[in-house]
Every structure is written in structure tokens, then in C-alpha cells.
Asks: 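Pasting a structure below so you can have a look.
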2 protein chains.
Amino acid sequence: MSEIKSLARGLKLLERLALAENGAGITELAAQLDIDKSSASRLVQTLASYGFAEQDPDTRRYRLGPRIVTLSRYMLTRMPLRDEAKPYLRRLVERTGEGAHLAILSQGGALYIDQVESPATLRATTGVGTVAPLHCTALGKVLLAFDANARMPEELKAYTPRTITSPETLRMHLEQTRRQGYAIDDEEYEYGVRCVAVPVFDYRGKAVGAIGISGPAGRISLERLPELAAITKQIGQELTDRLSFRP
Amino acid sequence: MSEIKSLARGLKLLERLALAENGAGITELAAQLDIDKSSASRLVQTLASYGFAEQDPDTRRYRLGPRIVTLSRYMLTRMPLRDEAKPYLRRLVERTGEGAHLAILSQGGALYIDQVESPATLRATTGVGTVAPLHCTALGKVLLAFDANARMPEELKAYTPRTITSPETLRMHLEQTRRQGYAIDDEEYEYGVRCVAVPVFDYRGKAVGAIGISGPAGRISLERLPELAAITKQIGQELTDRLSFRP
DNA sequence: GGTGGCTGTTGTATAATGCACAACGACTAG
DNA sequence: CTAGTCGTTGTGCATTATACAACAGCCACC
């Protein structure tokens with residue numbers, strides 16, 4: 001499995017460009033990858049000529065190009081799960097009033113694939129393409145509990161005081177998640193945001209993703225949680241049923 | 001400007017993968033790029049090892065990988081225009097009841113950067129990342145009329161019977177668009193869908209994008225058009241005013 | 001159940017290609 | 001005006017990607 005070095009370098013550059021807040025300079029990029037300026041320059045030029053990067057005419061710095069967004073769209077439209085899940089996400093929003101999300105396991109986290117916003121003014125929305133940690137989000141916990149490919153994160157980073165940081169506690173939590181068929185995130189990732197999520201299975205019974213709702217803790221009160229969990233479980237089951245029909 | 005060949009090949013492969021409905025095989029890809037199977041295999045393996053492509057375990061065919069979606073998210077969150085425009089898109093939906101979109105000029109078309117869905121059951125939504133033709137969409141016409149970088153498409157492809165296919169007619173249309181400050185799409189791209197769009201300018205007075213609404217022709221009647229155009233123009237102006245504040 | 005045609009992957013020698021080292025022009029700051 | 005950036009471009013050399021194979025796995029078809 002010998003990888004093509006210059007392609008690999010180009011892809012690494014893309015990732016660096018993605019992380020750079022206000023674009024990145026050639027010298028900077030070259031230093032990060034430990035390659036020569038000239039190499040970095042030519043690689044980025046190639047990326048730019050295909051629309052994967054672009055140069056700010058004023059500052060001469062480079063940033064990600066619009067082609068990425070277009071490719072991403074292609075990728076998303078080719079996912080059957082996304083199309084199937086959309087109506088159920090809408091239903092989730094209608095019945096709970098909160099924002100709904102669909103995520104799959106990817107890059108060691110929960111990758112948000114689709115969303116439907118809450119009609120309320122106060123919203124908790126995570127954009128499509130975000131990769132959220134597995135151990136402190138409802139969608140992530142569900143994937144961790146039900147997706148056979150999911151691996152426990154090495155480090156359980158604390159995002160809020162409520163984040164579960166002990167592997168033991170998390171394991172028990174996942175056990176409970178499996179028993180009750182849903183997971184919650186009680187302000188464990190972001191202050192004032194609670195979430196509920198359930199797994200989605202395909203016709204083989206394999207977990208292929210998770211759907212859930214998230215909203216301000218004020219609206220998603222602990223008293224309302226059982227009801228919201230029931231609704232989410234029901235709609236998740238309906239989606240699973242639908243996915244089971246295609247052989 | 002010597003481009004790095006193997007990186008260029010890798011990027012071309014990415015684009016081919018994006019276009020392939022149900023993934024693409026190595027032999028197929030190699031034939032398309034006119035390179036050897038072995039080269040294609042190793043290039044795609046490299047793409048895969050960075051998450052830009054992935055292999056279906058069953059069919060052994062390759063498709064785009066999830067990393068693309070994540071990068072796309074980074075790209076979008078780094079666009080100031082998008083953040084600024086969001087509230088105005090919401091307002092547009094509130095006041096018209098139709099779906100709202102934000103687009104910029106890219107890849108010879110109108111690249112949809114953001115959207116807010118209509119609350120109605122019958123929706124006309126174009127996903128973020130879509131590149132729509134310039135000559136037959138309201139957003140596209142606006143960009144063509146106001147963005148200095150926009151180039152007239154070589155071929156005015158007819159998508160519906162109403163599509164403007166004559167360069168002369170289109171030129172007059174654009175002239176009118178400039179005069180009245182907004183453009184419409186009267187079922188010129190898709191049957192039964194009408195759109196209204198206006199330009200957005202930055203502090204230099206340069207057109208940086210376009211916002212607009214689109215919905216079923218049944219609701220966006222010809223009688224309602226003047227009113228909808230007025231609303232869209234007003235909100236577009238408000239957004240332009242906001243963008244003018246930052247030096 | 002073999003057999004032929006397909007797939008995608010892996011070895012290897014050769015030659016093309018990307019690389020490091022420069023030098024360059026364009027800016028900015030002191 | 002000089003010293004320090006920056007990004008880009010030329011060029012010889014050596015690494016590297018490549019083309020041509022051969023390979024194992026799969027499916028379908030007599």
C-alpha cells in the first residue's frame with residue numbers, strides 16, 4: 001500500500017487550509033508540512049487550478065476553494081440514508097419543536113449529515129459537516145452504543161463540567177443507552193443545550209446512523225425528557241422500519 | 001506554472017468519483033483519465049487513506065469519502081458573507097413564506113452557499129453546494145448582471161420551454177435587471193418554480209453575491225411578483241447596508 | 001465444476017517527475 | 001535606503017510515480 005506522496009501532500013495542504021482561520025500563506029504551510037516553499041507553492045497552485053483552493057488577490061494568502069462545497073453536495077446527494085431520513089427529521093421537528101439532526105460514524109466522531117431547524121427563535125443547530133465527539137453528545141453516544149465500528153475515544157475531553165470523563169462511567173452509560181434504546185446529552189457538550197438521540201438500523205439490523213433532537217435546556221426540561229425520548233424512539237423506529245423494506 | 005501531475009490526477013479522480021452515481025470502479029476510472037489501472041488504484045488508495053474516498057466493502061467500488069463534507073463545512077464557516085446573510089434569509093422566509101437562498105459566483109455558475117427552507121409543505125429547495133446555471137435562474141441572472149467577474153455562458157441550454165436561449169434576449173433581460181434592481185426566473189429552469197433575486201454589495205460597491213426566494217408558481221403568482229420583488233429588494237438593501245459598515 | 005473473463009491489487013525496472021537549492025521581484029517596516 | 005518579509009520561478013539531480021506485467025478473488029456461463 002504505497003501511497004502517492006505528492007497527492008498525500010496536496011491533501012494535507014487542503015486540511016491545513018481548512019483549519020486556517022484567515023487563509024494561510026505559502027511559507028506557513030510549507031513549515032507546517034516540513035516541505036520546501038517551492039513545493040508548497042506549486043502544490044497549492046495545482047489545488048487552485050482545480051478550484052480546491054483559491055488565492056486572495058489582496059493578501060496573496062490561500063484558502064479553501066468553492067469546489068469543495070460542490071463535491072460535498074454530490075457526496076451528500078449520493079447517500080440514500082439522507083433522503084430516507086429527511087421526512088422523519090421534519091416530523092421530529094413538528095412533534096417536538098426542536099431542531100433535528102442526522103449523523104453517521106466518521107472520522108472518529110459523529111458526522112452531521114443533515115438537519116432541520118427548529119422554528120423557534122432560540123435554536124441549537126449544528127451545521128452539516130460538523131464532526132462532534134462521541135462521548136458527550138446524544139448522537140455520538142448512540143453511535144458508540146450501537147454501531148459496531150465505533151471505537152471508544154482515547155481521551156474523554158471535558159467540554160463542560162457535566163461531560164463524562166471516566167471510561168467506567170461512560171461504559172455504564174452506554175449500557176443503559178442500549179437498554180433504554182436512546183441516549184441523552186444533558187449539557188455535556190455545550191452549556192444550556194440538551195439532546196436526545198436514537199439509533200437507525202438497516203435491513204440487516206446494523207446501525208447505520210442516528211437521529212435526534214437538540215434544544216435549549218429551558219425547553220427540553222428534565223420533566224419533558226421521557227416524553228421527548230418516547231417520540232424520538234417512535235420516529236426512529238419508523239425510519240428503521242422503512243429502511244428494512246429494501247432488501 | 002507547472003502543475004503537479006499526480007496531485008492533478010488525484011483531484012480529477014475526486015471529481016469523477018463525485019459524478020459516479022453508485023461509486024466507480026478502478027478500471028473505469030483509469031479508462032476515463034487514460035491512465036494505468038495500477039496508477040488509478042494507488043491514487044485512489046491515497047485518497048481513501050485521508051478520508052477523501054472510501055471503498056464499498058462489498059462491491060469494492062469507490063465513492064467520495066466523508067472528509068469532503070467536513071472540509072466543506074470549514075469552507076462555509078469561514079465565509080463572512082454567509083454569517084451576515086443568515087438573518088436576512090430568515091427574514092425573507094418570514095415575510096414571503098417562500099424558501100430563501102444565498103449564492104455567489106463560482107465555477108461558471110451560481111453556487112448556493114446557504115438556504116432557509118419554507119415552512120410550507122410544498123417546497124422548492126436547492127441544496128447548499130449546488131451550482132445552478134446563470135442564464136435561467138434568478139440568482140444567476142443577478143450575478144450575471146451585477147458581478148463584474150461573471151461571464152456570459154457560451155451555450156444557453158434550454159431547461160424548460162421558457163428558458164431564454166437567445167443571447168440578445170438575455171442581454172436585454174440583464175439590462176432590465178440592472179434597471180429594476182432585481183431578477184426573476186419565471187419557470188425558466190424548472191417547471192412550476194418561480195424565483196426572485198437581488199444583488200448584495202460589499203463596502204466597495206462590488207457585487208459579492210445574491211439572495212432570493214423561490215417557490216411554486218401557484219403561490220408566487222404573477223400578481224404577487226411586484227410585492228415579492230419589493231420585499232426582496234428591501235431586505236437585500238438592508239444586507240448591503242450591513243456589509244457596508246465594515247471597512 | 002471447471003473455465004474464461006472480469007475485477008482490484010501488488011512487484012519491479014525504467015524514465016519521467018517532483019524536489020531542494022537558489023535567485024528573483026514585490027512589499028513592508030524601520 | 002536597506003533589511004526583512006513574502007510568494008513565485010529556473011534548474012540539475014535523485015527520488016518517485018509510472019507502465020507493464022503477473023497475481024488472487026469473484027462471478028457467470030456453458
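The sequence lines fix the lettering, A, B, ..., with proteins before strands; numbering per chain opens at 1.
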Asks: Using a 4.0 Å heavy-atom cut-off, write out nucleotides 13-30 of chain C from 5' to 3' as B (base contacted by protein), S (sugar-phosphate only) or - (no contact).
Replies: ----SSSBB---------
Asks: Just N and O in the side chain of B:Tyr62: are any of them under 4.0 Å from OP1 or OP2 of C:dT9?
Replies: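 For C:dT9, OP1 or OP2 has a side-chain N or O of B:Tyr62 closer than 4.0 Å.
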Asks: B:Asp202: what forms a side chain to side chain contact (heavy atoms under 4.5 Å, CB included) with it, not counting sequence neighbours?
Replies: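 Expected list: B:Arg204, B:Lys206, B:Val208.
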Asks: How would you label the contact of B:Glu28 with the nucleic acid (heavy atoms, under 4.0 Å): base, sugar-phosphate, or nothing?
Replies: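 Result for B:Glu28 = nothing.
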Asks: Sequence neighbours excluded, which residues qualify as side chain to side chain donor-acceptor pair (under 3.5 Å) partners of B:Thr70?
Replies: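 B:Thr70 satisfies side chain to side chain donor-acceptor pair (under 3.5 Å) with A:Gln107 once adjacent residues are dropped.
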Asks: What donor-acceptor contacts under 3.5 angstrom involve side-chain atoms of residues 9-30 of chain B, with partners at least two apart or in another chain?
Replies:
unit_1: B:Glu15; atom_1: OE2; unit_2: A:Arg67; atom_2: NH1; d: 2.4
unit_1: B:Glu28; atom_1: OE1; unit_2: B:Gly25; atom_2: N; d: 3.2
unit_1: B:Glu28; atom_1: OE1; unit_2: B:Arg61; atom_2: NH2; d: 3.3

Asks: Separation of A:Leu47 atom CG from D:dG7 atom P, in whole Å?
Replies: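 It works out to 15 Å between those atoms.
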Asks: Think B:Gln45 has a side-chain N or O under 4.0 angstrom from the OP1 or OP2 of C:dG8?
Replies: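 For C:dG8, neither OP1 nor OP2 has a side-chain N or O of B:Gln45 closer than 4.0 Å.
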Asks: To the nearest angstrom, how far is A:Leu29 atom CG from D:dC6 atom C1'?
Replies: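 Distance check: A:Leu29 CG to D:dC6 C1' gives 13 Å.
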Asks: Closer than 4.0 Å, any side-chain N/O of B:Thr27 to the OP1 or OP2 of C:dG8?
Replies: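 It does, given that an N or O in the side chain of B:Thr27 lies less than 4.0 Å from OP1 or OP2 of C:dG8.
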Asks: How would you list, by chain and number, every residue that makes a side chain to side chain donor-acceptor pair (under 3.5 Å) with A:Arg171, sequence neighbours excluded?
Replies: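 Scan of A:Arg171 (side chain to side chain donor-acceptor pair (under 3.5 Å), adjacent residues dropped) gives none.
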Asks: Write down the distance between CG (B:Asp56) and P (C:dT7), rounded to a whole number of angstrom.
Replies: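 One finds 17 Å between P of C:dT7 and CG of B:Asp56, rounded.
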Asks: Run the side chain to side chain contact (heavy atoms under 4.5 Å, CB included) test against A:Asp36 and tell me which residues pass, sequence neighbours left out.
Replies: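 With sequence neighbours excluded, A:Asp36 shows a side chain to side chain contact (heavy atoms under 4.5 Å, CB included) to A:Ser38, A:Ser39, given in chain and number order.
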Asks: Tell me the interatomic distance from A:Leu13, atom CG, to D:dG7, atom C1', rounded to whole angstroms.
Replies: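 Roughly 14 Å, once rounded to whole Å.
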Asks: Could I get the full list of side chain to side chain donor-acceptor pair (under 3.5 Å) partners for B:Asp56, not counting sequence neighbours?
Replies: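 Side chain to side chain donor-acceptor pair (under 3.5 Å) check on B:Asp56 returns B:Arg63.
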Asks: Would you call A:Lys141-A:Asp185 a salt bridge at under 4.0 Å N-O?
Replies: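 Salt bridge: no.
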Asks: So, for B:Met152 and B:Pro167, which heavy atoms are closest and what is the spacing to 0.1 Å?
Replies: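 Closest heavy-atom pair between B:Met152 and B:Pro167: CE-O, 3.7 Å.
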Asks: For the helix from C:dG1-D:dC30 to C:dC24-D:dG7, what angle separates the axis at the start from the axis at the finish, each from five pairs, in steps of 10°?
Replies: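 Inter-axis angle at the ends, rounded: 50°.
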Asks: Could I get the full list of side chain to side chain donor-acceptor pair (under 3.5 Å) partners for B:Ser41, not counting sequence neighbours?
Replies: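 Partners of B:Ser41 by the side chain to side chain donor-acceptor pair (under 3.5 Å) criterion, ordered by chain and then number, come out as B:Gln45.
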